[in-house]
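See structure below.
Below, chains carry the letters A, B, ... as their sequence lines are ordered, and counting in each starts from 1. The figures here come from the full heavy-atom set of this structure, side chains too, leaving out hydrogens, waters and symmetry mates.
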Amino acid sequence: MYKFKYPITFIVSTFLFPIVCHSYDSGFELATAVSNRPDGDNAYSVGIMALVEKGHKPRLRQMNSFRLDDPNGNTLSLIRFKKPQDIKNTGLLTIDYYSDKDSDQWIFLPAVKKSRRISSKRKGGRFVGSDIFYEDLRDRRVSEDTHRIVKKEKLNGMETIVLESIPSSKGNSVYDKRVSWIHVKSLIPLRIDFYQNGESKPVKRSLVKQVGKKQGFWTILKAVTQDLKSHHETHIQTNEILYDQSIPSELFTQKYLEDPLREKDIVKQLSRK
Amino acid sequence: MFKYLISLSCLFFLQPLYAVQPYEFSTKERADRFIQEQEARGKRSNLTVQKQQKQRYTVLLKGHTQWGNAFKQAQLIDKQGFSGLEVVKGRYERGYSIIVRQSLSKKSIGKTFNRLRRLGMKNVKVHTDKIKLVRYIVMLREPPAPKFERPKPSSLMKPAVVNKSLPDKAPAPEAIVKKSDILAPATLMSKPAIESTVEKESVLATQEENIELDDEVMIVVMSDSSDITYEMSIEDDDEGTGDNFEWAVDKIQLETELFTRSSSSVDHVEYINASAHAKWQLSSNWEVQIAARLDGNYQHGDKGADNDELNLDYGNNFLRYRDQSMRLTVGSDTVRWGKMDTFSPTDNVSSLDMSRGVLFEWGEAYRSAPIVRGEFFFDNGKLDVVYLPYFREAELSDKENVWYPVNIEEGAILGFGSTPLLKTLLQNGKIDDDINETDGGFGIRYSTTLNSMDFDLTVQRVKLSTPYYQINPTIVANPALMNQEKYALIEKHPRSWVIGGDTEFQAGYFLLRFEAAWFSDLPATTSRLQYETYDGLKWAGGAEFYPGDGDTRVNLQLSGSHIDEKEKIIDRDNIVNLSGEVETLFSNNRWKLSGRFNLGLDEKDIYISPEVAYLGWEPFEMYSAIHYLDGNDNTLGGFYENNTMVTFGWRGQF
């Protein structure tokens with residue numbers, strides 16, 4: 001499948017390769033291309049998550065996110081909540097291994113002043129009450145799904161390829177199926193429909209609202225995930241993003257997770273750039 | 001011709017009545033939305049699409065004939081904080097150039113240019129070229145400004161003053177649009193706009209050809225009515241001096257507690273709690289924090305049951321030093337060791353808060369204590385060394401409070417239950433709770449992660465903060481002296497060696513935690529009423545999981561405590577409990593239903609507490625809970641069974 005890990009970095013980014021006219025012979029090839037889309041060796045972003053429900057004031061959360069692809073092919077990420085006060089400094093550290101090993105994940109809860117492990121098998125739970133499931137936060141291997149190109153379609157005037165991805169084994173996903181509208185030029189999935197519980201209609205939809213080119217990387221700046229039953233929406237907005245900075249691998253340890261002030265120096269250095 | 005003349009004359013006559021104001025938008029969708037909003041207000045508008053050419057500025061480092069030299073210079077300035085550099089050949093000159101920054105803003109380019117010059121780069125050049133952009137111009141006809149009549153100056157006022165203070169025209173009606181939607185009124189745009197957005201695929205291609213590195217160009221891929229920009233005052237980690245200071249109300253809580261058992265002497269309690277901290281980061285290494293908390297407890301009931309308490313206490317007040325290899329803390333702090341939630345055998349360097357009995361949420365029942373702490377970090381581990389220069393016993397309420405661990409009226413002590421002897425002792429004597437000032441001991445803990453398992457090992461020599469009540473040995477030796485002795489009970493905190501460890505790992509969908517500790521000196525009272533300390537073992541094992549991989553969290557814990565007594569004791573020498581919590585969110589996470597419980601497996605000991613909370617009013621919560629307690633006299637549930645209650649409260653952080 002592809003990376004749609006915007007809660008980690010709020011982004012899906014890509015170079016605009018000369019693959020503009022590239023044709024994909026199979027769904028697997030397209031999914032692999034999407035998965036391998038360059039997004040820098042590391043990234044730092046500041047963003048806002050808004051939980052939107054009709055008739056209610058949106059609930060906003062500010063997050064700082066760090067991501068690092070280490071030389072071993074592992075992906076390390078740290079999400080730090082900055083606002084509101086009741087979740088301030090709550091941190092989520094994730095190590096997605098290149099090998100088949102299960103991810104390691106810890107959460108730091110400032111109220112109890114200690115970090116604790118989280119089950120990386122957890123897929124269906126909602127991340128901080130949003131419409132994003134824990135599964136959406138993690139890298140999903142291309143081989144975990146069977147991919148099929150459905151058709152080519154214009155989406156808001158944009159040339160896309162519709163890709164259907166079905167889990168290759170039941171139980172490796174909370175979804176029965178994903179259907180993605182992959183933008184041909186940037187390889188960004190502009191729309192993803194999520195199917196669950198054998199239903200013929202999607203239960204959830206992710207839509208990209210804005211992308212921007214940041215340091216040469218195409219980056220999602222605004223995206224919305226909609227629960228199509230409850231009509232609850234999660235808006236993700238990237239206010240700042242920096243790629244390929246001097247982010248030390250030590251940041252992705254419990255030492256930093258449990259001491260938010262430590263990352264302040266790193267953020268200061270990044271902000272000066 | 002006639003129609004044309006009429007139109008012309010209308011335009012001519014309307015012209016003075018409507019001020020035409022152009023607004024420029026980057027997308028058609030935004031322009032349309034603006035038009036709709038304005039039309040709803042009775043304003044008229046026209047939309048025109050303009051293809052504009054804009055000046056683009058590129059800061060270059062030029063003059064390299066070899067790629068290697070250009071690359072070296074790029075590496076050099078990369079270390080100075082310039083990112084997104086690109087070395088190109090033949091685009092700006094025959095040789096190699098480094099593209100440092102591209103922008104439509106001359107001002108931001110100037111900053112980059114000057115910064116490079118200050119770094120001694122003499123080959124800095126600014127290249128300009130033209131790019132094509134699409135703009136949507138809305139010509140809005142504003143209604144005329146209401147005629148403003150200048151009031152006649154009072155005969156007492158000087159005309160000069162009046163003229164100066166009054167405007168010649170009324171202010172133009174303000175356009176009600178989001179600032180972020182509009183780049184700028186077109187007429188005011190003397191400088192190139194920063195943002196540029198396009199919708200059509202064909203135009204996107206043009207953009208891609210022309211702009212490759214410009215960070216400031218945005219492209220709307222999809223848009224609909226839900227495309228909203230959220231404004232939130234971003235907490236910036238680089239805001240200057242204000243960045244080094246922060247303060248917060250960590251918690252504020254108001255609660256009313258209604259006691260439901262007719263046997264309880266208390267009818268209701270009102271509780272207030274507030275805690276706050278202020279923190280200064282003196283440098284990247286040094287940090288200072290001051291914190292305090294206020295607890296008010298107002299107890300009402302039968303005659304003699306009334307009791308008011310208001311206590312101000314210190315929070316975590318410390319001076320802290322940190323570098324890459326260590327973190328040192330001197331002052332007062334709350335140190336939490338161990339992996340378990342409800343009963344953590346290795347967590348003995350912290351001081352418990354027993355002032356509200358079971359009402360604290362698990363994890364909240366701790367008080368700050370004086371410490372000197374060093375945390376030393378290794379490649380895959382951490383050594384945590386804590387010294388407690390002044391012992392702080394567990395925080396207890398007033399003796400009249402329903403949560404005090406000794407019930408003088410009933411003649412019972414938490415863990416012992418009620419006996420005729422204790423009743424006589426307590427009704428005739430007092431409790432000596434004057435703890436000798438001494439150090440609290442020390443603890444060392446090593447933490448590491450191996451094969452996705454977190455391990456901790458600890459050795460401690462600490463005074464146990466939970467109070468134990470020794471029957472005055474003089475009275476035990478000679479009961480006839482009962483009335484002469486000032487104290488019937490003496491509060492004890494034995495100093496014990498603790499050797500233990502804990503681990504946490506994932507097994508399928510379960511997260512498993514285990515923890516155990518051996519104690520050299522656990523207090524007990526023999527059947528001869530002698531106070532003794534014995535070796536003991538405390539252990540716990542727990543599992544956390546999410547049934548059905550959903551949003552409901554279940555955390556179960558089995559725990560035990562065993563005393564290796566040498567003679568018969570009146571304490572419970574083997575205690576086994578099943579405890580846990582369940583939590584689920586519903587109604588789009590605006591409501592939370594949760595429950596905590598503790599069940600004795602060796603004695604009847606019941607504590608069950610369901611709670612419903614409304615979370616939708618951030619940052620505050622409103623909640624209601626039931627706390628049900630029951631059990632044998634010598635258990636927690638039995639000792640506090642008269643404290644079964646319903647609570648209603650409000651709590652928050654900001």
Side-chain angles (χ1 to χ4, degrees), chain A residues 16 46 48 50 53 56 58-60 62 82-86 102 104 111-114 117 119-126 129 156-159 174 190 207-216 221-222 224 230 232-233 235 237 239 242 244-245 255 259 261-262 264-265 267-268 271-273, chain B residues 81-84 86 199-201 208 211-215 217-223 226-230 232 234-238 248-249 281 284 287 322 327 334 336 339 363 377 382 452 454 504-506 508-511 544-546 548-551 585 588-589 616 618-619 652-654:
Chain A
L16 193 74
V46 179
I48 292 172
E53 190 182 354
H56 293 89
R59 291 179 285 170
L60 305 181
Q62 185 202 328
K82 307 296 282 185
K83 282 186 176 179
Q85 187 65 28
D86 60 339
D102 284 336
D104 282 325
V112 294
K113 299 184 72 178
K114 59 182 179 184
R117 197 172 268 275
S119 170
S120 62
K121 291 279 187 187
R122 194 178 178 203
K123 297 183 177 72
R126 292 167 184 273
N156 272 26
M158 313 289 282
E159 203 73 53
V174 290
L190 300 181
L207 294 170
V208 170
K209 296 292 179 187
Q210 278 188 12
V211 295
K213 207 170 188 187
K214 300 288 182 180
Q215 296 170 243
L221 300 177
K222 282 187 186 176
V224 179
S230 69
H232 187 267
E233 292 186 349
H235 295 224
Q237 176 179 306
N239 288 35
L242 294 166
D244 289 343
Q245 304 297 313
K255 177 170 93 172
D259 191 358
L261 279 181
R262 281 189 183 277
K264 212 167 181 177
D265 281 344
V267 172
K268 276 185 179 176
S271 301
R272 285 193 193 108
K273 292 188 175 182
Chain B
F82 292 88
S83 55
E86 188 183 20
E199 285 185 329
K200 301 293 183 188
E201 182 83 1
E208 287 161 356
I211 302 171
E212 290 184 348
L213 282 174
D214 198 324
D215 288 355
V217 174
M218 295 203 301
I219 296 170
V220 174
V221 178
M222 299 179 68
S223 57
S226 63
D227 183 13
I228 301 163
T229 297
Y230 290 94
M232 191 179 194
I234 297 292
E235 178 165 311
D236 195 338
D237 284 307
D238 190 23
V249 175
Q281 194 173 8
S284 59
E287 173 194 358
R322 62 165 62 76
R327 191 169 76 160
T334 313
R336 298 289 315 282
K339 291 279 191 285
F377 301 95
K382 172 184 161 184
S452 293
D454 298 334
E504 183 177 39
F505 58 93
Q506 182 178 318
Y509 287 91
F510 294 90
L511 203 68
E544 186 176 83
F545 58 98
Y546 294 83
D549 200 15
D551 290 316
L585 297 165
N588 286 328
N589 300 309
E618 287 187 345
Q653 289 177 291
F654 50 91

Looking only at A:A111, A:P58, A:G129, the option with the highest number of non-hydrogen pairs under 4.5 Å against chain B is A:G129
Can you tell me how far apart [atom1] ([X]) and [atom2] ([Y]) are? Round to the nearest 0.5 Å.
X: A:D265; Y: B:Q281; atom1: CG; atom2: CD; result: 6.5 Å
X: B:F377; Y: A:D259; atom1: CZ; atom2: CG; result: 6.5 Å
X: B:S284; Y: A:K268; atom1: OG; atom2: NZ; result: 7.5 Å
X: A:L261; Y: B:R327; atom1: CG; atom2: CZ; result: 9.0 Å
X: A:K123; Y: B:Y546; atom1: NZ; atom2: OH; result: 14.5 Å
X: B:E504; Y: A:R117; atom1: CD; atom2: CZ; result: 6.5 Å

Can you say whether [X] sits under 4.5 Å from chain B via the side chain, the backbone, both, or neither, judging by heavy atoms?
X: A:K255; answer: both
X: A:V174; answer: side chain
X: A:D86; answer: both

Where A:S119 and B:G508 come nearest, the two heavy atoms and their spacing: OG-O, 3.9 Å
Among all residues two or more places apart in sequence or in another chain, which pass the side chain to side chain contact (heavy atoms under 4.5 Å, CB included) test with B:A248? A:Q85, B:D250, B:H277
Using non-hydrogen atoms and a 4.5 Å limit, figure out which bit of B:F505 sits close to chain A: side chain, backbone, both or neither. backbone
Exam field: side chain A:K121 to backbone B:F510, donor-acceptor pair closer than 3.5 Å: no
Look only at the side chain of B:D549 and the backbone of A:G124, and say whether a donor-acceptor pair between them is shorter than 3.5 Å. yes
For the candidates B:E618, B:K382, B:R336, which exhibits the highest count of non-hydrogen atom pairs separated by less than 4.5 Å from chain A? B:E618
Partner chain A: residue of B:N588, B:N589, B:L511 with the largest heavy-atom pair count (under 4.5 Å): B:N588
Under a 4.0 Å N-O cut-off, is there an ion pair linking B:D551 with A:R126? yes
Do B:Q506 and A:S120 have a side chain donor and acceptor closer than 3.5 Å? yes
